[in-house]
Peer 1: 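Supplied in structure tokens, the structure appears directly below.
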Amino acid sequence: MDQIKNSSASRKNIYQACILALALPLLLYIAYVSPVGQWIRPEYMQQLKKQLTLWYLWIPLLFWISGALTMSVGMPRTVLSFVAGSLLGFWFGIILVEATCITGALLTFLYTRWAGRTLLKQTLQQRIPIIDEYMQKHGFMTILILRQTPMPGVLVNMLLGLTSAKIRIFMLASAIGFLPQNVIFALYGSGLQGNFAAHISIASILLILVAG
């Protein structure tokens, strides 16, 4: 019975990924060829970079600060990955969004551990020791797996903040766990800067493979 349920859930995830992999390129192409597309085309971005001094200093800094703060309260990292890729290209964008996601997750993690642990522990008092014991043995893999679940990231960060998970393990496992989704949506975003078909196609294929 469990195998049937798991198989059904896996097929559902693949179907959803296929729909998303078809819908996203279509929506992006419509935006790209529409009048709005002039604001996101490579020529306009290059012109903007020339007009704005220190583009590669101020834009990453503002993105990192604002992205980390908004992610700490629930901003989906798919949005951040897409924006980073569209503004700064794939390679720079993926490095920046990884740093931003880790910072945002760490803010929620530390805040929960510092301010909310006493209050929330009263509700989860009976379960926390069990979770702590499991985290001590399988902390890295637990965090890595949690990052692949559909549970909102802010809830994962809060839950882990209640445990005795080590900060360095939290950051390392989160960084690796964030990477697949960040790569995919940074590719979608970077497709707006050039090589649209190639970037979007690779991103859509990866999206389906990750879902499988």
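Counting begins at 1 with the first residue of the sequence.
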Peer 1: Kindly say whether A198 contributes a backbone atom to a donor-acceptor pair with the side chain of S201 at under 3.5 angstrom?
Peer 2: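 No; zero donor-acceptor contacts below 3.5 Å.
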Peer 1: Look at the side chain of S72 and the backbone N and O of L69, then say whether any donor-acceptor pair between them is shorter than 3.5 Å.
Peer 2: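 Judged by distance alone, yes, a pair lies under 3.5 Å.
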Peer 1: Can you tell me how far the CZ atom of F82 sits from the CG atom of L87, to the nearest 0.5 Å?
Peer 2: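 The CG atom of L87 is 9.5 Å from CZ of F82, to the nearest 0.5 Å.
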Peer 1: Distance check, rounded to the nearest 0.5 Å: T78 atom OG1 versus L207 atom CG?
Peer 2: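 The CG atom of L207 is 10.5 Å from OG1 of T78, to the nearest 0.5 Å.
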Peer 1: Is there a path of hydrophobic side-chain contacts, each under 4.5 Å between heavy atoms of I/L/V/M/F/W/Y residues, joining V73 to L162?
Peer 2: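 As far as the 4.5 Å side-chain criterion goes, V73 and L162 are not connected within one cluster.
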Peer 1: Heavy-atom distance under 4.5 Å between the side chains of L146 and L160, does that happen here?
Peer 2: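 The answer is yes; the side chains approach within 4.5 Å.
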Peer 1: May I ask you to test the L155-L159 pair for a side-chain heavy-atom distance under 4.5 Å?
Peer 2: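 Not touching, per the 4.5 Å side-chain cut-off.
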Peer 1: Evaluate the side-chain contact (heavy atoms from CB on, under 4.5 Å) criterion for residues N182 and E98: first the C-alpha distance (whole Å), next the side-chain angles of each, then the deciding distance (0.1 Å), finally the verdict.
Peer 2: CA-CA 7 Å; N182 285 346; E98 277 282 300; 2.8 Å; yes
Peer 1: Are I143 and M141 joined in one hydrophobic group, where the rule is that I, L, V, M, F, W and Y side chains link up if heavy atoms are under 4.5 Å apart?
Peer 2: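 Shared cluster, yes.
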Peer 1: Decide yes or no on side-chain contact (heavy atoms from CB on, under 4.5 Å) for F63 and L80, but give the supporting numbers first.
Peer 2: CA-CA 9 Å; F63 181 92; L80 296 177; 4.1 Å; yes
Peer 1: Identify the two heavy atoms, one from S174 and one from R147, that lie closest to each other, and give their separation to 0.1 Å.
Peer 2: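 Taking S174 first and R147 second, the nearest heavy atoms are OG-NH2, 3.0 Å.
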Peer 1: Taking the side chain as every heavy atom from C-beta outward, state whether V97 and R77 have any pair of such atoms under 4.5 Å apart.
Peer 2: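 A side-chain contact under 4.5 Å is absent here.
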Peer 1: To the closest 0.5 Å, what do you measure between OG1 (T70) and CD1 (I65)?
Peer 2: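 Rounded to the nearest 0.5 Å, the OG1-CD1 separation comes to 11.5 Å.
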Peer 1: For side-chain contact (heavy atoms from CB on, under 4.5 Å), just list the numbers for N157 and F170, CA-CA rounded to whole Å, side-chain angles, deciding distance to a tenth of an Å, and then say yes or no.
Peer 2: CA-CA 9 Å; N157 300 329; F170 173 83; 3.6 Å; yes
Peer 1: Please find the pair of heavy atoms, one from A173 and one from L144, that lie closest to each other, and give the distance.
Peer 2: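 Smallest interatomic distance, heavy atoms only, reads O-CD1, 3.5 Å.
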Peer 1: Measuring from atom CG of L209 to atom CD1 of I184, what distance do you get when rounded to the nearest 0.5 angstrom?
Peer 2: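 Going from CG on L209 over to CD1 on I184, the span is 8.5 Å.
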Peer 1: Nearest 0.5 angstrom please: M158 CE to T108 OG1, how far?
Peer 2: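 Going from CE on M158 over to OG1 on T108, the span is 8.0 Å.
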Peer 1: Would you say F185 and V79 make side-chain contact, with heavy atoms under 4.5 Å?
Peer 2: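 SC-SC contact between F185 and V79 ruled out.
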Peer 1: Please give me the minimum heavy-atom distance between M171 and I102, naming the atom from each residue.
Peer 2: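 Shortest heavy-atom separation between M171 and I102 comes out as CE-CG2, 3.8 Å.
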Peer 1: Of all the heavy-atom pairs spanning G93 and A84, show the shortest one and how long it is.
Peer 2: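 Looking at all heavy atoms of both residues, the shortest contact is O-CB, 3.6 Å.
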Peer 1: Could you go through I202 and L206, starting from their C-alpha distance and side-chain angles, then the distance that decides it, and tell me whether this counts as side-chain contact (heavy atoms from CB on, under 4.5 Å)?
Peer 2: CA-CA 6 Å; I202 294 171; L206 289 175; 4.0 Å; yes
Peer 1: Mind checking whether I167 and L110 have side chains closer than 4.5 Å, heavy atoms only?
Peer 2: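 Yes, their side chains come closer than 4.5 Å.
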Peer 1: Check L88 against P60 and note the closest heavy-atom contact, atom names and distance.
Peer 2: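 Residues L88 and P60, closest heavy atoms: CD1-CG, 4.3 Å.
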Peer 1: From I94 CD1 over to F90 CZ, what is the distance, rounded to the nearest 0.5 angstrom?
Peer 2: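 Those atoms lie 5.0 Å apart.
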Peer 1: Indicate whether the side chain of Y188 and that of S204 have a donor and an acceptor atom separated by less than 3.5 Å.
Peer 2: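 Y188 vs S204: donor-acceptor pair found between side chains.
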Peer 1: Could you report the tightest heavy-atom contact between V210 and P180, atom names first, then the distance?
Peer 2: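 The answer is CG2-CB, 4.4 Å.
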Peer 1: Are S81 and F178 side-chain neighbours, meaning at least one heavy-atom pair lies under 4.5 Å?
Peer 2: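 No, their side chains stay 4.5 Å or more apart.
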